[in-house]
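The next block holds one structure in the form of structure tokens; read it before the comments.
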Amino acid sequence: MFINDKVFDVIVIGGGHAGCEAALASARLGASTLLITQNLDTIAQMSCNPSIGGIAKGQIVREIDALGGAMGKITDIAAVHYHMLNTGKGEAVWSPRAQCDKKIYQLTYKKFLENQPNLHLVQDEVKAILTGGGKVEGVETLRQAKYRSKTIVLTPGTFMNGRVFIGALTFDGGRYNDMPSNFLTDSLKKLAIKTARLKTGTPMRLNGKTIDFSKFTPQPSDEPYQPMSIFSAPVKKDFLQCYITKTTAKTAEVLQEHIKESALYSGNITAIGPRYCPSIEDKAVKFPQNKNHPIFLEPEGFDTQEYYIQGFSTSLPEYVQYKLLKSVPGLEEAEIVRPGYAIEYDYADPTCLNAALEVKTMPGLFFAGQINGTTGYEEAGGQGIVAGINAALKVQGKPPFILRRDEAYIGVLIDDLVNKGVNEPYRMFTSRAEYRLILRSDNADLRLSKYGFEYNQIPKEFKTAFENYQAAVAALIKNPEAKIDAATLLPWRLEAAKNTAKIHRKYAGYLERNLKDARALANADKISIPEGFDPSLVKGILIETSQKLAKVKPLTLGQASRIPGITPADIQLIAVNIEKYRKAQNESKN
């Protein structure tokens, strides 16, 4: 057995979007970091849609960027098409989205990882998490190698006991043609971590040479477009078009005829799939009155003829997939280059985590991404950067980095996961954020870049430009005609400053009300539950409350108040008892 001599500060398991952001974040904080993944050639693979952003997801990408993460910068390098969603509604829900060249995206992420100081890469499969003395000690791999570390960030995506389904055909896989990870679940069970199964899926990919685009409505890229990253200057590029059409009554007939051949409806798949990203057969069953579902053709890159068919996710047999295509005008002669499929995989109950994404019963072990029951590259990346920062802070003996619900969609995401858990794949929506007027895509840097600088995620040379940008927005809020020197705030950001100031003036009254509520939330989150104080033992609270507090183990009064089913009266009792406990502790010290 090979035992590496080095003791790493952080080991990141998995090279998907969560793992990449986690590894970069911990390394930027000065932690010696090792990223272990099955295949270094599939780093940041876009396993499903070759796009980044979308409703609420675009806000998360901007937040990752504001914290110093890589996703937004890499998207701007790889983008083939930009579109701002929800522009028919208020600016609070405007959401940027970009189609990417998936190979440029993937290789650029790998380049970022390879060039990051303090970060090491190894191609291997982790089969066991090693622990001792109530904390993590490292990992053992399939090649019988041992790597020691002080903390671990686990980001396996859909690979834990992954199984692929295409009609009656089924085989093991973390995704199509990639081996699953069949040992990690057992390792988690040994740590008494509860696991269960979820399902997701993807549509077929088509040969663009066999598509009749004249029967589709073209969707050109936005012009001018808004980059995903505040660090990206807009550039002239020959963007590609997307296309839109709808399914037909014939599509519905094919689905009705073959519905029992779907792995989802044959009984082969037992796990729950994403409610908000249903397969085409799910749509037929749940919305039988609707015969015309929108579908989108989206290019997979500049130098490929492959097209992703958004809205057509399926686990039907391949011959049925061809029949479905023939029912859509323009796709009658379309050739499938990769069939659609569904995948089942293991995830861990996220209520086992605290708000820093650390396992409560195993200090130093952090989870991020789909292992926590989420969907999407963006939700994974948001968790990844938080887990990576916190793993490094843990090693350095510093307090954890925790985002509140009023600070970021990432804060809403993590708060929902650790307090409520999941019973289906979690997808972020603007409706989940009660402070969405504050958490807009245009002001992510004003909300979060202070943390990017504090945790060494953003190079210090940008600090002056950021402070100048803050001052410019403040000046423009007071006076729209204020003179601003664009060169002092990254020249391309003047229009962004004007836009943010305009939105602030437009919603000033509503924003003040939102901010007042947010301050109350912040105050509750500042009331920490002291070490040694067990809120579930407070006399007078409901039995249900006691049980939920014992399970979730909240760190703050605010977090306790957001656990479903816990009443305001119970929170008041806990607050009073916290004060009594602190007073007694102080008296005993004196």
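The figures that follow rest on heavy atoms only: side chains count, while hydrogens, waters and symmetry mates do not. Note that the structure is a prediction, hence the values are computed from the model and not measured.
Checking side-chain atoms of Asn86 against main-chain N and O of Val93 turns up a donor-acceptor pair under 3.5 Å. A distance-only check finds a donor-acceptor pair linking the side chain of Gln383 to the backbone of Gly369 [under 3.5 Å]. Remark: side-chain polar atoms of Thr37 are not paired, donor with acceptor, to backbone N or O of Leu40 under 3.5 angstrom. Of the possible donor and acceptor atoms, one in the side chain of Gln106 sits under 3.5 Å from a partner among the backbone N and O of Asp41. Using modelled atom types, no side-chain atom of Thr247 and backbone atom of Thr251 make a donor-acceptor pair closer than 3.5 Å. Distance alone, capped at 3.5 Å, places no donor-acceptor pair between the Lys194 side chain and the Pro350 backbone. Side chain of Gln59 to main chain of Ala56: a donor-acceptor pair is present (N/O by atom type, distance under 3.5 Å, no hydrogens or angles). Counting only distance, with no hydrogens or angles, the side chain of Gln321 and the backbone of Thr314 share no donor-acceptor pair below 3.5 Å. Put simply, the side chain of Asn372 gets close to the backbone of Phe367: a donor and an acceptor are under 3.5 Å apart. Side-chain atoms of Thr170 come within 3.5 Å of backbone atoms of Val164 as a donor-acceptor pair (strictly under, hydrogens ignored).
A heavy-atom distance below 4.5 Å is not found between the side chains of Lys246 and Ile295. Looking at heavy atoms from C-beta onward, Ser279 lies in side-chain contact with Leu264 at the 4.5 angstrom threshold.
Evaluation of the side chain to side chain contact (heavy atoms under 4.5 Å, CB included) rule for Ala284 yields Leu255 as partners, not counting sequence neighbours. Evaluation of the side chain to side chain donor-acceptor pair (under 3.5 Å) rule for Glu318 yields no partner, not counting sequence neighbours. Among residues two or more places apart in sequence or in another chain, the salt bridge (Lys or Arg N to Asp or Glu O under 4.0 Å) test is passed with Arg562 by Asp415, Asp525. For the side chain to side chain donor-acceptor pair (under 3.5 Å) test, no residue two or more places apart in sequence or in another chain qualifies with His120. Scored by the side chain to side chain donor-acceptor pair (under 3.5 Å) test, Ser232 finds Asp76 as partners (sequence neighbours excluded). Under the side chain to side chain contact (heavy atoms under 4.5 Å, CB included) criterion, Lys236 pairs with Glu223, sequence neighbours left out. Residues meeting the side chain to side chain contact (heavy atoms under 4.5 Å, CB included) test with Met179, sequence neighbours left out: none. Among residues two or more places apart in sequence or in another chain, the side chain to side chain contact (heavy atoms under 4.5 Å, CB included) test is passed with His83 by His81, Leu85, Asp222. For the salt bridge (Lys or Arg N to Asp or Glu O under 4.0 Å) test, residues two or more places apart in sequence or in another chain that qualify with Glu424 are Arg275. When the salt bridge (Lys or Arg N to Asp or Glu O under 4.0 Å) test is applied to Arg143, the partners found at least two apart in sequence or on another chain are Asp124.
A side-chain donor-acceptor contact under 3.5 Å links Asp349 and Thr351. For the residue pair Thr375/Arg427, the side-chain donor-acceptor check at 3.5 Å is not satisfied. Defined by atom type and a distance below 3.5 Å, a donor-acceptor pair is present between the side-chain atoms of Glu281 and Ser262. For Tyr377 and Glu21, the side-chain atoms include no donor-acceptor pair closer than 3.5 Å. Under the 3.5 Å distance criterion, with hydrogens and angles disregarded, no donor-acceptor pair is assigned to the side chains of Thr158 and Arg175. Side-chain atoms of Lys323 and His258 include a donor-acceptor pair closer than 3.5 Å.
Look at Lys209 and Glu335 and you find no salt bridge, because none of the NZ, NE, NH1 or NH2 atoms lies under 4.0 Å from a carboxylate O. Under a 4.0 Å N-O distance rule, the pair Arg205/Glu306 does not qualify as a salt bridge. The pair Arg62-Asp445 does not meet the salt-bridge criterion, since no charged nitrogen lies less than 4.0 angstrom from a carboxylate oxygen.
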Next item on the list: In sequence, state the C-alpha distance, the side-chain angles, and the governing distance for Arg440 and Asp442, and then conclude on salt bridge (Lys or Arg N to Asp or Glu O under 4.0 Å).
Entry: CA-CA 5 Å; Arg440 305 186 309 274; Asp442 67 278; 2.7 Å; yes
Check: Which is it for Tyr225 and Val235 under the side-chain contact (heavy atoms from CB on, under 4.5 Å) test, yes or no, and what are the steps along the way?
Finding: CA-CA 9 Å; Tyr225 73 92; Val235 296; 3.6 Å; yes
Notebook entry, point to check: salt bridge (Lys or Arg N to Asp or Glu O under 4.0 Å) between Arg97 and Glu298: does it pass, once the steps are laid out?
Noted result: CA-CA 12 Å; Arg97 185 175 186 266; Glu298 298 170 337; 3.2 Å; yes
Notebook entry, point to check: Given the rule in the side-chain contact (heavy atoms from CB on, under 4.5 Å) test, do Val10 and Val12 qualify, once you have shown the distances and angles that lead to the verdict?
Noted result: CA-CA 6 Å; Val10 181; Val12 177; 4.0 Å; yes
Next item on the list: Run the numbers on Glu344 and Lys199 for salt bridge (Lys or Arg N to Asp or Glu O under 4.0 Å), then give the verdict.
Entry: CA-CA 4 Å; Glu344 271 191 352; Lys199 169 260 175 188; over 6 Å; no
Next item on the list: Test Thr155 against Phe366 for side-chain contact (heavy atoms from CB on, under 4.5 Å), laying out the working first.
Entry: CA-CA 9 Å; Thr155 69; Phe366 297 80; over 6 Å; no
Margin query: Would Leu353 and Glu358 count as a side-chain contact (heavy atoms from CB on, under 4.5 Å) here? Give the steps.
Written below: CA-CA 5 Å; Leu353 307 172; Glu358 183 179 22; over 6 Å; no
Margin query: Does Glu332 form a salt bridge (Lys or Arg N to Asp or Glu O under 4.0 Å) with Lys215? I'd like the steps, not just the answer.
Written below: CA-CA 11 Å; Glu332 296 94 340; Lys215 296 181 180 179; 3.4 Å; yes
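In this structure, Phe239 has its ring center closer than 6.0 angstrom to the ring center of Tyr82. Between Tyr307 and Phe213, a ring centre-to-centre spacing shorter than 6.0 Å is recorded.
To the nearest 0.5 angstrom, Gln305 atom CD is 9.0 Å from Thr210 atom OG1. Rounded to the nearest 0.5 angstrom, Gln241 CD and Thr217 OG1 are separated by 11.0 Å. To the nearest 0.5 Å, atom NZ of residue Lys237 and atom OG of residue Ser221 are 9.5 Å apart.
For the pairing with Phe171, the side chain to side chain contact (heavy atoms under 4.5 Å, CB included) check across Tyr341, Phe165, Tyr176 returns one residue only, Tyr176.
Nearest approach of Ile64 to Gly382, heavy atoms of both residues: CD1-N, 3.3 Å.
Both the sub-6.0 Å distance and the 45° axial angle are satisfied by Arg432 relative to the ring of Tyr426.
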N/O donor to acceptor pairs below 3.5 angstrom from side-chain atoms of residues 181-192, sequence neighbours left out:
| unit_1 | atom_1 | unit_2 | atom_2 | d |
| --- | --- | --- | --- | --- |
| Thr185 | OG1 | Asn161 | ND2 | 3.3 |
| Thr185 | OG1 | Asp346 | OD2 | 2.7 |
| Ser187 | OG | Ile129 | N | 2.9 |

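For residues 283-297, the salt bridge (Lys or Arg N to Asp or Glu O under 4.0 Å) pairs, not counting sequence neighbours, are Asp282-Lys286.
Enclosure of atom CZ in Arg197 by more than 12 non-hydrogen atoms of other residues, nucleotides or ligands within 6.0 angstrom is indicated.
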